[in-house]
Amino acid sequence: MPNSQPSNFTSHHEVADDGTVAFHCSQDAEAWPWLALHPGHPIIVQNMNYLASVEASAARGTLDTAKWSALTETGWTCGDLKAEHAVRGVAQPLSGTGKRAHYWIKFYGARGDLLYDMNGAGVVFQNRDFESWRQQAKTRSGSDPDAPTDGFAYAPASALGVVSDAHRFLSPLRNTSSASATAASADGLVTRANGFPPANPYLDGSGDHVNASHIAEIARQFAGLLTERPGLTVAGGDMRFRRYVELGVPFTVSGEQSRNDITLSLTQRGEPCAEVRLHVKT
């Protein structure tokens with residue numbers, strides 16, 4: 001995404017000499033509709049991940065709004081969330097050289113309990129004409145962010161654990177191996193119609209591609225289909241991104257369950273795009 005400064009989810013920034021940033025978290029569900037979701041929902045985790053990392057960089061004075069950046073990997077662990085949202089957090093100093101930067105963020109509840117422990121790494125596009133490069137890639141892939149979704153055979157909303165048909169991303173499962181009932185695949189499609197406001201108030205982004213919050217939600221929906229537990233609780237996970245997933249272009253998710261872990265890969269037009277592991281509670 002471009003390194004633009006979003007409307008502040010974090011506030012009261014205190015920057016230590018070593019670059020650590022302490023902050024408060026907004027509790028305003030009107031400004032941040034995704035706060036209506038369960039605190040452990042992957043959409044909440046990834047939205048906070050993005051907002052806190054960008055806003056901590058802005059507080060340090062290291063955010064360069066003239067450059068584009070991309071998340072390449074991220075991981076998180078949830079604490080005992082119960083029903084509370086994070087009220088404060090701490091973002092550790094960035095480390096890394098050149099284009100690659102790592103970060104760590106922890107979020108805490110009102111009683112001081114650790115609710116989320118996050119980390120990630122990304123790249124900054126220093127010299128590339130990003131817009132031109134992306135336009136060429138989108139043209140080659142046939143990306144159409146405004147593609148209609150009514151012709152795609154999505155799974156029922158109840159099976160995907162979403163409250164509206166407009167929030168569905170995946171088709172019903174198909175088994176990929178007759179020898180294993182725990183391995184399957186599904187097709188998916190994300191466009192502006194189901195992945196962005198106003199139809200989907202929980203997700204947003206630059207509109208250039210399917211972003212990390214979308215992919216985390218795709219993984220959660222897939223895990224719900226695979227386990228037949230659409231309301232399952234995600235206790236943590238990690239994601240690796242290899243190439244952009246284009247809006248308006250169908251993709252395939254393939255994965256399997258091993259104990260409490262769901263591992264999956266996402267491919268689009270035969271190209272590997274992302275790998276995700278979700279750790280789910282029993």
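Residues: numbered from 1 along the sequence shown.
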Check for a donor-acceptor pair, side chain of Asn194 on one end and backbone N or O of Ala166 on the other, with a separation under 3.5 Å. no
Between Gln221 (side chain) and Ala223 (backbone), is there a donor-acceptor pair under 3.5 Å? no
Interatomic distance, CG@Leu247 vs CG@Asp208, rounded to 0.5 Å, equals 8.0 Å
Would a 4.5 Å heavy-atom cut-off, applied to side chains only, mark Gln27 and His85 as touching? yes
State whether the side chain of Arg269 and the backbone N or O of Ser141 hold a donor-acceptor pair below 3.5 Å, judged by distance alone. yes
Pair Ser213-Asn47, side-chain donor/acceptor within less than 3.5 Å: yes
Taking Leu173 as the starting point, is it possible to reach Phe251 by hopping between hydrophobic residues whose side chains are less than 4.5 Å apart? yes
Pair Tyr202 and His167, ring centroids less than 6.0 Å apart: yes
Is there a chain of hydrophobic side chains (I, L, V, M, F, W, Y, each step under 4.5 Å between heavy atoms) that links Val210 to Met239? yes
Which atom names give the shortest non-hydrogen contact between Gly188 and Leu170, and what distance separates them? CA-CD2, 3.9 Å
Linking I/L/V/M/F/W/Y whenever any side-chain heavy atoms sit under 4.5 Å apart, do Trp104 and Val54 land together? no
Would a distance-only check, ignoring hydrogens and angles, find a side-chain to backbone donor-acceptor pair under 3.5 Å from Thr10 to Cys25? no
For Tyr154 and Asp187, test the side chains for any donor-to-acceptor distance below 3.5 angstrom and give the result as yes or no. no
Do you reckon Phe152 sits in the same ILVMFWY cluster as Val162, going by side-chain contacts under 4.5 Å, direct or chained? no
Would you say the side chain of Val234 lies within less than 4.5 Å of the side chain of His41, judging by non-hydrogen atoms? no
My understanding is that only one of Asp146, Asp144, Asn200, Thr149 makes a side chain to side chain donor-acceptor pair (under 3.5 Å) with Arg192; could you say which? Asp146
What is the minimum heavy-atom distance between Asp165 and Arg168, and which atoms define it? O-NE, 3.1 Å
Quick one: ring pair (Phe, Tyr, Trp, His ring centres under 6.0 Å) pairs with a partner in residues 214-242, sequence neighbours left out? Phe196-His214
Hey, what do you get for CG (Leu278) to CG (Leu232), rounding to the nearest 0.5 Å? 8.0 Å
In Å and rounded to the nearest 0.5 Å, what is the CD to CZ distance from Glu73 to Arg240? 4.5 Å
Working to the nearest 0.5 angstrom, can you tell me the gap between Leu264 CG and Ser185 OG? 11.5 Å
Any side-chain heavy atom of Ile218 within less than 4.5 Å of one from Val190? yes
Side-chain heavy atoms of Asn49 within contact of Phe107, under 4.5 Å: no
Side-chain heavy atoms of Leu225 within contact of Pro172, under 4.5 Å: no
For residues Asp261 and His279, is any side-chain donor paired with an opposing acceptor at under 3.5 Å? yes
Got a donor-acceptor contact below 3.5 angstrom from the Gln268 side chain to the Glu246 backbone? yes
We want to know whether Thr20 and Asp18 form a side-chain donor-acceptor pair, criterion being a heavy-atom distance below 3.5 angstrom. yes
Ile44 vs Met48 side-chain heavy atoms within contact, under 4.5 Å: yes
Nearest heavy-atom approach of Cys78 to Val45 is SG-CG2, 4.4 Å
Measure from the side-chain N and O atoms of His38 to the backbone N and O of Gly40, and report whether any donor-acceptor pair falls under 3.5 Å. yes
So, Asp238 versus Thr74: side-chain donor-acceptor pair below 3.5 Å or not? no
Could you state the interatomic distance from OH (Tyr244) to NE2 (His209), rounded to the nearest 0.5 Å? 5.0 Å
So, for Ala212 and Leu71, which heavy atoms are closest and what is the spacing to 0.1 Å? CB-CD2, 3.9 Å
Result block: side-chain N/O donor-acceptor pairs under 3.5 angstrom for residues 110-121, not counting sequence neighbours:
from	atom 1	to	atom 2	distance (Å)
Arg111	NH2	Glu84	OE2	3.3
Tyr116	OH	Pro39	O	2.4

Examine distances only and state if a side-chain atom of Arg174 and a backbone atom of Ala186 form a donor-acceptor pair shorter than 3.5 Å. no
Is there a path from Trp32 to Leu37 through hydrophobic residues (I, L, V, M, F, W, Y) whose side chains come within less than 4.5 Å of each other? yes
Ring centres of Trp34 and Phe9 under 6.0 Å apart? yes
Tell me, with the steps shown, if Glu55 and Tyr50 meet side chain to side chain contact (heavy atoms under 4.5 Å, CB included). CA-CA 8 Å; Glu55 292 171 11; Tyr50 168 69; over 6 Å; no
Out of curiosity, Arg277 CZ to Ile262 CD1, how far, rounded to the nearest 0.5 Å? 11.0 Å
How close do Ala159 and Pro230 get, heavy atom to heavy atom, and via which atoms? O-CB, 3.4 Å
Aromatic plane relationship, His13 with Phe23 - under 30° parallel, 30 to 60° tilted, over 60° perpendicular: tilted
Determine whether Val245 and Ile215 make a side-chain contact, defined as any pair of heavy atoms from C-beta on separated by less than 4.5 Å. yes
Test item: Val276 and Thr263 side chains (from C-beta on) under 4.5 Å apart, heavy atoms: no
Please evaluate residues Arg242 and Glu275 with respect to the criterion salt bridge (charged side-chain N to carboxylate O under 4.0 Å, His left out), reporting the C-alpha separation (whole Å), side-chain torsions for both, the decisive distance (0.1 Å), and the verdict. CA-CA 8 Å; Arg242 299 185 180 276; Glu275 292 89 37; 2.8 Å; yes
